Structure formats: structure tokens, C-alpha cells
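Below you'll find the structure, written out as C-alpha cells, and then a few comments.
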Amino acid sequence: MSTDFQPKSDFLAVLKERGYIHQCSDFAGVDDKAKAGELIAYIGFDATASSLHIGSLLQIMMLRWLQKTGGKPIPLMGGGTTQVGDPSGRDESRKLLTLDQIDANKNGIRQVFTKFLTFGDGKTDAVMTDNAEWLTALNYIHFLRDVGRHFSVNRMLSMDSVKMRLDREQELSFIEFNYMCLQSYDFVELNKRYGITLQMGGSDQWGNIVMGIDLGRRMGTGQLYGLTSPLLTTASGAKMGKTASGAVWLNSDMLPVYDYWQYWRNTEDADVGRFLRLFTELPMDEIRRLENLGGAEINEAKKILANEATAMLHGRASADEAAETARKTFEEGVLSTALPTIEVTRSEFEAGIGVLTAFVKAGLVASTGEARRQIKGGGLRMNDAAVSDERATLSAADLTGEGVVKLSMGKKKHVLLKPV
RNA sequence: GGGGGAAUGUCCCGAGCGGCAAAGGGGGCGGACUGUAAAUCCGCUGGCUUAGCCUUCGCAGGUUCGAGUCCUGCUUCCCCCA
């Protein structure tokens, strides 16, 4: 596991150069497979929400690079494992999702993959899989006899994730043991069905992946491999993908394209190079040039990062539109009608909407109380003028030439209110 | 089975002599300064129809003019002994 390993395959060369690799069970083994064009790999995604968020993007990019370098990517939907619920997030009673919720979530998640991967029947075409297919049909006794006997509790107890819990005297439920086993079993099952030999994932998945490799050896799959990506944090140490309004979702119905673009635009200086490598496909020498821009010039690099990352997910046209909206809003101070817009009926508007209510409707604040506080702190603006009177009411006089009212919270968040 | 602790503002951690919308952090949001960055400084961080009203301290009762605080029972978690 030397970090100075020199890959011969395009796949590992790209991953290494761009910073996707944290650990690998056997660099040379994966390298040979990739070099021979025989690499088939999977990454599992649990369906805990109706969209994946930025945290999963790194994983998706690995699958994308695999495909581009001649391998076959297999995204695995955790339709079965989600029913068990991965308790590794710790915490008390994690509410179990209903089957309906899981189904709905799977549909939401599935869309994203089609944007990053090419699906089909060809050699390097991606195939969508779902572990509900085999896990839900498992019979407990059969599973114990065929698979369970290969797990050593002694060994499981020595795993980091488990040891940590035990050391801290935190609850470790039996269900968690099972989760690890199911994930291991997935690996073996996917090997049988698709000839998969590599499982990738975040660094927190290392233990589970290694268990899968081990199970494979005992169940006669031939040599399996594991490769993990580093846990991403921003340069100032925050977990990636959280914003004020929650996670940075990949589905546009959960997070408008404009907001997605803004997320990347607001990257910290120190992260620009790293993010360009991981989340865009720009050539390396171009990235090196961009990340070395000094002072305010690095903003150009941030725009390119935002454009490229957004184009990959939402398409070039949407990315351009978001960039143009941002340019008008921030650089020219001109109103762009492409800002996120919420509509109210004309009769409701004419009846008079209070400013407090308007900001709540726009989703800029969570309650009228918060709106009041923000007004006191000078944080709310209407058509770029600070709101000072919380009793004010919107009227036709507030409509701009475009027939909208621009509501802003802070300097960066803008929503248009449009009577229809 | 016996004994001893713990549960607080629904993001987290955490103080709280019977007068409490409840100390202090972290995180988050806003303002200032900047470059839509970081760092720094300042403000805010239960809800509403806001001179007021309503709802919060594991759950259910009780004492009291008044309970996060005292009493009783219950639930969950932790520690010690067996």
C-alpha cells in the first residue's frame, strides 16, 4: 500500500493524480485488472433521502472515471440495506424508513447516475443494480449457514468502527453487525452476477469493504479488491456539503441549479485546486494554472469550477444560465429574472402581503420571528433597499419593471416574488 | 437481582438556591471589513395576529400563589456489586 505506487493503468493514474485515493487493498492487483480492461467495480448508495448530495459526488466521479478509462461501473442502490438502516451514524432511535419512502427515494436518486454514466449493454456500459433483489429474499437460517459461518466475531470486534464504540461504551446494536455482513455479502453476490472485483467507497467504508474481500476469499470468488476515497472537508475543517438550508442536493427539485452553482462559486480559496481536480474534468495543467492565480484573481478559477461542476450535473445550458444570472446580480447589480422565483396569486398579492410573510414564503427565513430579527440586524432587503418597517405591506408600487419583487437576505441569497 | 447516577432550549455540548423563555460554548444566520474567499470584530439564534399572548427542560401525576428545580410512579441510558 505504498503511496508512491506508479500506476500503469489510466484508471489509477487519473485517480491518483486527481486525489481520489485514500487507501487501496492492492494497488498492483487493481492496476493489472484496469490495464487489461477487465475492471468492473461498484459503489453502494443507500436510499435514505430522495436525492444524493454533494458528499456522494466524489464516489460518482470515481465511477465516471472508471468508465472513461475503459472499466465498467456498477452503481448499487441500497434498496435492501436501507431497510435495515446503517446505524453507523450513531445516535438514538434512527427512524426506520417505510418501504414506500425507500422506493420514492430510489427513484429520486436514480436520475443522477444517468447524468454521469452511460448505461446500456456494452462492455463498459453502466448497469444499475439494487441489493433489495437478493437481500430481501434471504432466509435467515440459510444465510447464517451459507454466509454467516464465514464471519469471525473475533475479527469483527477488532474492527475500528466497532472497537471505537466499545471503547467509548456506546451502544452497538446487533443490527449494525448485520449491516456489515449484508454489505460484505453484496460484494460476493455482485461478483457472481457481474464479475465485479472492486468495491469503492468513502474512507469510512474501508472496514466493511475489507470484510467483503475476506468473505469473498472464504466463499471462493477469487481475489477481490477495495479502494477508498478520502473524507472530504473544506480547508477550514467543515464537513462538505452542508449549507444554511441543509445539504447540497444533486437533484434540481431539491436545490435550484442557481444555488448549486453558487455553492461552488463560494468555495474557499484554499480548496479551489483540490475541488477542480475532484469535481471537474479539466486537464491538469489548466488546473495548475488556475489554482495558482493570486489574490482576487482566484475568483476566475472559482467561476470556472462552478461552471464545470454545474455543467456536468445539470447540463451546459443551465450552467451558463446560472453563471449569467450571477454575473448580472453580483457584477452589474442588475435584476435577473432567472433568479429562483416563487409565485403568488395576483389576488393574494393585491390583498396585501406583509413583508414578514413575504420573506417566509420565499423561504429566506424560517419564521416571522426570524424575519423580525433579521430586519433589526439589517439583513433583509426588498428590491435592494433595506427593509426597516416590519409592518410594511407589499403593493403594486413595489413591482419592478419585470413585474416581480426582489427579496434578499444577506448579500448572496435572492428570491423573486412574482404575482401571477 | 441489589446499590448509585443521568435525561435541559427538537443541530450539538452544557450550567441552572422554587419566580425562567432558562447562563456559557460550538455550529448556524446577519452586519462591518474584503474579492460572492479566509481571518477578525459586532449582533441574532422558541412560536404568534409582538406594549401582549402561547408553547418548551425524558413521560405521567402531586405539593405550591408559583416547578427545569421539591415529592411519587414510569421509561430509557450509564456506573458499581452479585
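Just so you know, these numbers come straight off a predicted model, no measurement behind them. In what follows, every chain begins at residue 1, and chains take the letters A, B, ... in the order their sequences are listed.
- Counting only heavy atoms from C-beta on, A/R372 has its side chain closest to B/U50 among B/U36, B/U50, B/G30.
- Remark: A/E286 engages A/R289 in a side-chain hydrogen bond (donor to acceptor under 3.5 Å, both in side chains) (not counting sequence neighbours).
- Listed by chain and number, the residues in a side-chain contact (heavy atoms from CB on, under 4.5 Å) with A/T267 are A/W264, A/D271, A/V272, A/F275, A/L305 (sequence neighbours excluded).
- Taking atom P on both nucleotides, B/C74 is separated from B/G2 by 12 Å, rounded to a whole Å.
- The partner of B/U40 is B/A32, by the rule that a Watson-Crick or G-U pair needs both atom distances under 3.5 Å.
- Mapping A/W261 and A/G377 onto RNA chain B via the closest heavy atom, the residue that lands nearer the 5' end is A/G377.
- Closest to the side chain of A/Q262, out of B/A37, B/A51, B/U36, is B/U36.
- Atoms CZ (A/R391) and P (B/C48) sit 15 Å apart, rounded to a whole Å.
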*asked:* Between A/S229 and A/Q59, is the side-chain contact (heavy atoms from CB on, under 4.5 Å) condition met? List the steps.
replied: CA-CA 8 Å; A/S229 59; A/Q59 266 63 261; 2.8 Å; yes
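- Of the N and O atoms on the side chains of A/Q183 and A/Q205, at least one donor lies less than 3.5 Å from an acceptor on the other residue.
- Applying a 4.0 Å cut-off to non-hydrogen atoms, the residues of residues 303-335 of chain A that approach RNA chain B are A/A326, A/F330, listed by residue number.
- Remark: A/K302 is not in phosphate contact with B/A38, judged by side-chain N or O atoms under 4.0 Å from OP1 or OP2.
- Taking the C1' atoms as reference points, B/U64 lies 27 Å from B/U75, given to the whole Å.
- The shortest distance between the side-chain N/O atoms of A/K412 and the OP1/OP2 oxygens of B/C29 is not below 4.0 Å.
- Under 4.0 angstrom from either OP1 or OP2 of B/U49 there lies at least one side-chain N or O belonging to A/T368.
- Remark: the backbone N or O of A/L339 is paired with a side-chain donor or acceptor of A/T341 at under 3.5 angstrom.
- Without hydrogens or angle criteria, A/N383 side chain to A/K406 main chain gives a donor-acceptor distance under 3.5 Å.
- Here, B/A51 and B/C33 have their C1' atoms 38 Å apart, quoted to the whole Å.
- One P atom belongs to B/C59, the other to B/G4, and the distance between them is 24 Å to the nearest Å.
- B/U45 atom P lies 20 Å from atom CG of A/L364, rounded to whole Å.
- With salt bridges taken as basic N to acidic carboxylate O contacts below 4.0 Å, none links A/E321 and A/R316.
- A/Y185 and A/F143 have their aromatic ring centers within a separation under 6.0 angstrom.
- A/F359 places its CZ atom 13 Å from the P atom of B/G30, with the value rounded to the nearest Å.
- A sub-4.0 Å separation between OP1 or OP2 of B/C48 and a side-chain N or O of A/S367 is present.
- Within the 4.0 angstrom heavy-atom criterion, base atoms lie near A/I298.
- Atom NZ of A/K411 is separated from atom P of B/U34 by 11 Å (rounded to the nearest Å).
- Rounded to an integer number of Å, the gap from CG of A/L380 to C1' of B/C44 is 12 Å.
- At whole-Å resolution of the value, CD1 in A/I375 and P in B/U50 are 13 Å apart.
- A/R373 comes within 4.0 angstrom of the backbone, heavy atoms only, and of no base.
- A/E370 places its CD atom 10 Å from the C1' atom of B/G28, with the value rounded to the nearest Å.
- Neither side chain, A/S203 nor A/Q23, offers a donor N or O lying under 3.5 Å from an acceptor on the other.
- With P as the reference atom, B/C54 and B/A67 are 14 Å apart, rounded to whole Å.
- Between A/R373 and A/E370 no salt bridge is recorded (no basic side-chain N to carboxylate O distance below 4.0 Å).
- Of all nucleotides present, only B/C81 satisfies the Watson-Crick or G-U wobble test against B/G1, with each distance under 3.5 Å.
- On the P atoms, B/U10 is 7 Å away from B/G46, given to the nearest whole Å.
- Residue A/R265 contributes atom CZ, which lies 7 Å from atom P of B/U36 at whole-angstrom precision.
- Between B/C13 and B/C44, the distance separating the two P atoms is 24 Å to the nearest Å.
- In this structure, B/G18 forms no base pair with any nucleotide, since neither Watson-Crick nor G-U wobble geometry is met with both distances under 3.5 Å.
- When the C1' atom is compared between B/A82 and B/C12, the two are found 38 Å apart, to the nearest whole Å.
- The nucleotide B/C74 finds its pairing partner in B/G58, both defining distances of the Watson-Crick or G-U wobble pair being shorter than 3.5 Å.
- Base orientation for B/C20: syn, the chi torsion being within 90° of 0.
- Among the protein residues, A/G369 comes within range of the nucleic acid bases, having at least one heavy atom under 4.0 Å from a base atom.
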